[in-house]
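Note that the coordinates shown come from a computational prediction; the quantities given were computed from them, not determined experimentally.
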Amino acid sequence: MGLSEEQEILVKESWEVLKLDIPHHSLRFFTLILEIAPAAKNMFSFLRDSDEVPQNNPKLKAHAVKVFKMTCESAIQLREKGEVVIPDSSLKHLGSVHLKNGVIPPHFEVVKEALLRTIKEAIGDKWNDEIGSAWGEAYDQLAAAIKNEMKQ
């Protein structure tokens, strides 16, 4: 399956709202991941041995922005390219890091839930099931690309 033209429009429109405050939304995204799955804290080297509030962790902030932007930007280009396009070296790195840190399929569902909740909060009244489906499809394709690299 792929992103329909309508889904692409919905993703792009909501991405414009998200881009207005990427640091805030990306930190909210990771905060939700840790709320949904507190044990995920141990999967991040920069959080593992820290009692610091995650929102105050500069390494988490930097990582959150990078992950959030990559997720959203890969969604934006999905219809144009017909697949998730991340440089091979980056995709291989993502696969190996996720594998090394013990990421399993249910973890991807936690991230998806956090992403959708973040977008819903960010766009407020504009949120609807169609936007959720569009972002869900885009995320599922990115997750599939990472999972495929994990198998390599």
Distance-only donor-acceptor hits, side chain of residues 108-122, under 3.5 Å, sequence neighbours excluded:
{"residue": "Lys112", "atom": "NZ", "partner": "Asp140", "partner atom": "OD1", "Å": "2.9"}
{"residue": "Lys112", "atom": "NZ", "partner": "Asp140", "partner atom": "OD2", "Å": "3.0"}
{"residue": "Glu113", "atom": "OE2", "partner": "Arg117", "partner atom": "NH1", "Å": "3.2"}
{"residue": "Thr118", "atom": "OG1", "partner": "Ala114", "partner atom": "O", "Å": "2.7"}
{"residue": "Glu121", "atom": "OE1", "partner": "Arg28", "partner atom": "NE", "Å": "2.8"}
{"residue": "Glu121", "atom": "OE2", "partner": "Arg28", "partner atom": "NH2", "Å": "3.0"}

(message) Would you say Trp135 ends up clustered with Leu32 if hydrophobic residues are merged whenever their side chains have heavy atoms under 4.5 Å apart, either directly or through other cluster members?
(response) no
(request) For Phe29, enumerate each residue passing the ring pair (Phe, Tyr, Trp, His ring centres under 6.0 Å) test, keeping only those at least two apart in sequence or located in another chain. (result) Phe68
(request) Only counting residues at least two apart or in another chain, list the ones meeting side chain to side chain contact (heavy atoms under 4.5 Å, CB included) with Asn148. (result) Gln152
(message) So which atom in Leu34 and which in Ala40 form the shortest heavy-atom distance, rounded to 0.1 Å?
(response) CD2-C, 4.1 Å
Please output the side-chain donor-acceptor pairs of residues 125-133 that fall under 3.5 Å, not counting sequence neighbours, one pair per line with the distance.
{"residue": "Asn128", "atom": "OD1", "partner": "Glu130", "partner atom": "N", "Å": "3.0"}
{"residue": "Asn128", "atom": "OD1", "partner": "Ile131", "partner atom": "N", "Å": "2.8"}
{"residue": "Ser133", "atom": "OG", "partner": "Asp129", "partner atom": "O", "Å": "3.1"}

(request) Tell me, please, which residues at least two apart from Ile104 pass side chain to side chain contact (heavy atoms under 4.5 Å, CB included). (result) Pro106, His107
(message) If I take atom CD1 from residue Ile22 and atom CH2 from residue Trp15, how far apart are they, to the nearest 0.5 angstrom?
(response) 4.0 Å
(request) Tell me whether Tyr139 is reachable from Ile9 by hopping between hydrophobic residues (I, L, V, M, F, W, Y) whose side-chain heavy atoms are closer than 4.5 Å. (result) no
(request) Could you tell me the separation between the CE atom of Met43 and the CD1 atom of Ile33, rounded to the nearest 0.5 Å? (result) 10.5 Å
(request) Output all residues satisfying side chain to side chain donor-acceptor pair (under 3.5 Å) with Glu16, sequence neighbours left out; order by chain, then residue number. (result) Lys19
